[in-house]
Structure formats: C-alpha cells, structure tokens
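Just below is one structure, and these are the notes that go with it.
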Amino acid sequence: ETGVTQTPRHLVMGMTNKKSLKCEQHLGHNAMYWYKQSAKKPLELMFVYNFKEQTENNSVPSRFSPECPNSSHLFLHLHTLQPEDSALYLCASSPGLGQTQYFGPGTRLLVL
Amino acid sequence: EDKVVQSPLSLVVHEGDTVTLNCSYEVTNFRSLLWYKQEKKAPTFLFMLTSSGIEKKSGRLSSILDKKELFSILNITATQTGDSAVYLCAVELSGGSNYKLTFGKGTLLTVNP
C-alpha cells in the first residue's frame, strides 16, 4: 500500500463546478505539498503546509484553495476553474521541510 | 529567477547502454538537489545530493553534484526497458521560513529492447 493516497484519480469538471481533491499520507510526516504538472511544463509547487500551517503559496490563483485539517490530510478545493487549469495535480509529503518528499499517484483533472 | 535546466529533453537507447542525464541550475540559496523517476504518474525519489563530489549509488544508478559548476549528473548503467521514464531534477532552496523546490522539465528516457 502506497504511503500517500489521492482521490479521485480522475476528475472532469465544468468551469462553474466546485470540487475538492483529497490527499492522505500514512507515513507520519509533518509536511505536505500540492504540485501542478501541466503538459510540457516543469512540475510547479503550489502550496506547502508544515505542521498544518501554510508556509508557502506560490502565487496560486484564489480559485485554488488548500485546506490542511491535520498533518495526515490535505485538500485542494477547486471553484470556477479555467480550461488551462487542466493538469495532473500531485500531492507529496515529507517528514519535515527540506526532507525527502514522497508523492501520491496524482489526480488527472480536466476542466471543460 | 531560479532556473533548473535538464538535458537532453529526450533520449532513446538500447538495452545494455549506459546513459548520462544532466541537470544544471542557477538559483539563490541552494540547499540540495534531488532526482526523481516518474513513470505514468507519481514521481519516485532516487537521490538527494547536498555535498559536492560525493557520489551516491543505488544499484545501476548513481549521481554526483558539482556545486562549483552548478550541475549534477545521473548515470544509469546496463539500462533495462524498465528504466524507461521521465527523470526529474529538482533544486531545493533555503531562505527564512519560505520553502522552495524548483523542478526542471525532465528527461524522457526510452530504453528499447
């Protein structure tokens, strides 16, 4: 069983929909991350949480809203997305900031 | 602006060949360099490098960092079809309470039987 799980694995949504991506880690880590991977672009760091506190918001539009209720769970709430937001969204966790990150399988998002 | 550049962008080899993947960087406040292998979706961790000139090895894979020339290489010897993947290089930055990890675009390696 992988240490980092993500649901759903695939998601199709319209521009007016509201949806949430979920990430859960079973590794006892304290830091969690959201990444966006678009076609032909480098992996982009979106948000960083350390001990449930957001430490980084990498200039992400407000239509993406993260939530970290505890060190094991991380959500990414989506609303009024644009077609260019279609991408693979990856979650990762690490024991602490600056330590090896382990990735989940990702959610493939398509915005129509 | 922090930059991580990987080369080549893609590479096709035959089983048994040895390959060298390159990663160069221009960043402020370097902390470490990481290599990941990405098959299908999730990147899997390979190496973390913080010190210059110390080779890290894992089976047929090895990597080394040159902090003076600002690059790292990832070597794969006796390649197998299972090595086919995108190899990602990332540089971790330090700086106060902020955390930054910048990725390169990756090298797509295809190993043919």
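Each chain gets a letter, A, B and so on, in the order its sequence line appears, and its residues count up from 1.
When only modelled atom types and interatomic distance are considered, S20(A) and H77(A) share a side-chain donor-acceptor pair under 3.5 Å. For the residue pair Q38(B) / Q37(A), a side-chain donor-acceptor distance below 3.5 Å is found, with atom types taken as modelled.
Heavy-atom minimum distance, V111(A) versus M15(A): CG1-CG, 3.9 Å.
Between Y33(A) and L90(A), the closest side-chain pair of non-hydrogen atoms is not below 4.5 Å.
Between F45(B) and Y36(B), the ring planes are perpendicular. Angles over 60° get that label, and only those under 30° would be called parallel.
Of the listed residues (F103(A), F47(A), Y89(A)), just one forms a ring-ring contact (aromatic ring centres under 6.0 Å, His included) with Y35(A), and that residue is F103(A).
For residues 47-78 of chain B, a heavy-atom distance under 4.5 Å to chain A picks out M48(B), given by residue number.
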